[in-house]
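Taking it in order: structure first as structure tokens, then the write-up.
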Amino acid sequence: MCFRKKASCVRRRYSEFVWLRHCLEQNALIIQLPKLPPWNPFFSLKNREQVSQRMKGLQEFLEGVLHTPFLLSDSRLHLFLQSNLSITKIERCALGRTRYTVAEAIQRSNLDCIRIEDKGSCDSDCESSSSSGLGQSVDSVMRDSPLPCFES
């Protein structure tokens, strides 16, 4: 029982994936971690091809991480994938500096996300909006195309 949830759906920014990879790298000095898709200074949320390519690259990164058993013991990975906590709150929770445990944080976010059983995807109501830094949220651009949920 590696993950508490059978499926989870959270919205994360590219910079949060960079943070996650850095955290995993610190704990797995001898393991070669999967690569993230390259950072593109000209990335635009309005360019569906760029968005699709980035999502595919991030999915491949996560699949690589999840196929490395040693990395699965990192509570930050579990919080990253199964809760809507910010990076700051993930760090604090993983260090035991919150009033809630990792399991409680994950369980609490379970109440915020309703899984669509037959489609295997989540609608935008279960995802937290995140600003792209371009004055438009990811939700507003991607509302018409459902993002895949992570299946554990």
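Position 1 is the first residue of the sequence; numbering continues from there.
In this structure, His78 contributes its side chain and Leu72 its backbone to a donor-acceptor pair below 3.5 Å. Arg92 places a side-chain N or O within 3.5 Å of a backbone atom of Arg97 that can act as its donor or acceptor partner. For Gln50 (side chain) and Ser44 (main-chain N/O), a donor-acceptor pair under 3.5 Å exists by modelled atom type. With hydrogens and angles ignored, the 3.5 Å screen pairs a side-chain donor or acceptor of Tyr14 with a backbone N or O of Pro37.
The CG atom of Leu62 sits 10.5 Å away from the CZ atom of Arg12 when rounded to the nearest 0.5 Å. Between Ile31 atom CD1 and Leu24 atom CG the span is 9.5 Å, to the nearest 0.5 Å. With rounding to the nearest 0.5 Å, the separation of CG in Leu29 from CG in Asn27 is 8.0 Å. Distance check, rounded to the nearest 0.5 Å: CZ of Arg48 to CE of Met55 gives 10.0 Å. Residue Leu85 holds its CG atom at 14.0 Å from CZ of Arg76, rounded to the nearest 0.5 Å. For the atom pair OG (Ser83) and CD (Gln107), the distance works out to 13.0 Å, reported to the nearest 0.5 Å.
With 3.5 Å as the limit, one finds a donor-acceptor pair spanning the side chains of His22 and Gln26.
Every residue meeting the ring pair (Phe, Tyr, Trp, His ring centres under 6.0 Å) condition with Phe17, not counting sequence neighbours, appears here in chain and number order: Phe80.
Across Ala105 and Leu79, no two heavy atoms sit closer than the pair CB-CD2, 3.7 Å. Annotation for Leu45 and Val51: closest pair O-CG2, 3.6 Å, computed over non-hydrogen atoms. Cys23 approaches Glu91 most closely through the heavy-atom pair SG-OE2, 3.8 Å.
At least one side-chain heavy atom of Leu20 sits under 4.5 Å from a side-chain heavy atom of Phe61. Put simply, the side chain of Leu81 does not reach to within 4.5 Å of the side chain of Val10, judged on heavy atoms. Under the 4.5 Å side-chain criterion, counting only non-hydrogen atoms from C-beta, Glu104 is not in contact with Cys93. For the pair Thr98/Lys89, no side-chain contact is recorded, criterion being any heavy-atom separation below 4.5 Å from C-beta on.
Follow the hydrophobic side-chain contacts under 4.5 Å out from Ile30 and you reach Leu71 in the same cluster. Taken together through direct or relayed side-chain contacts under 4.5 Å among Ile, Leu, Val, Met, Phe, Trp and Tyr, Leu95 and Ile106 form parts of separate hydrophobic clusters.
Both tests pass for Arg108 against the ring of Tyr100: distance under 6.0 Å to the centre and angle within 45° of the axis.
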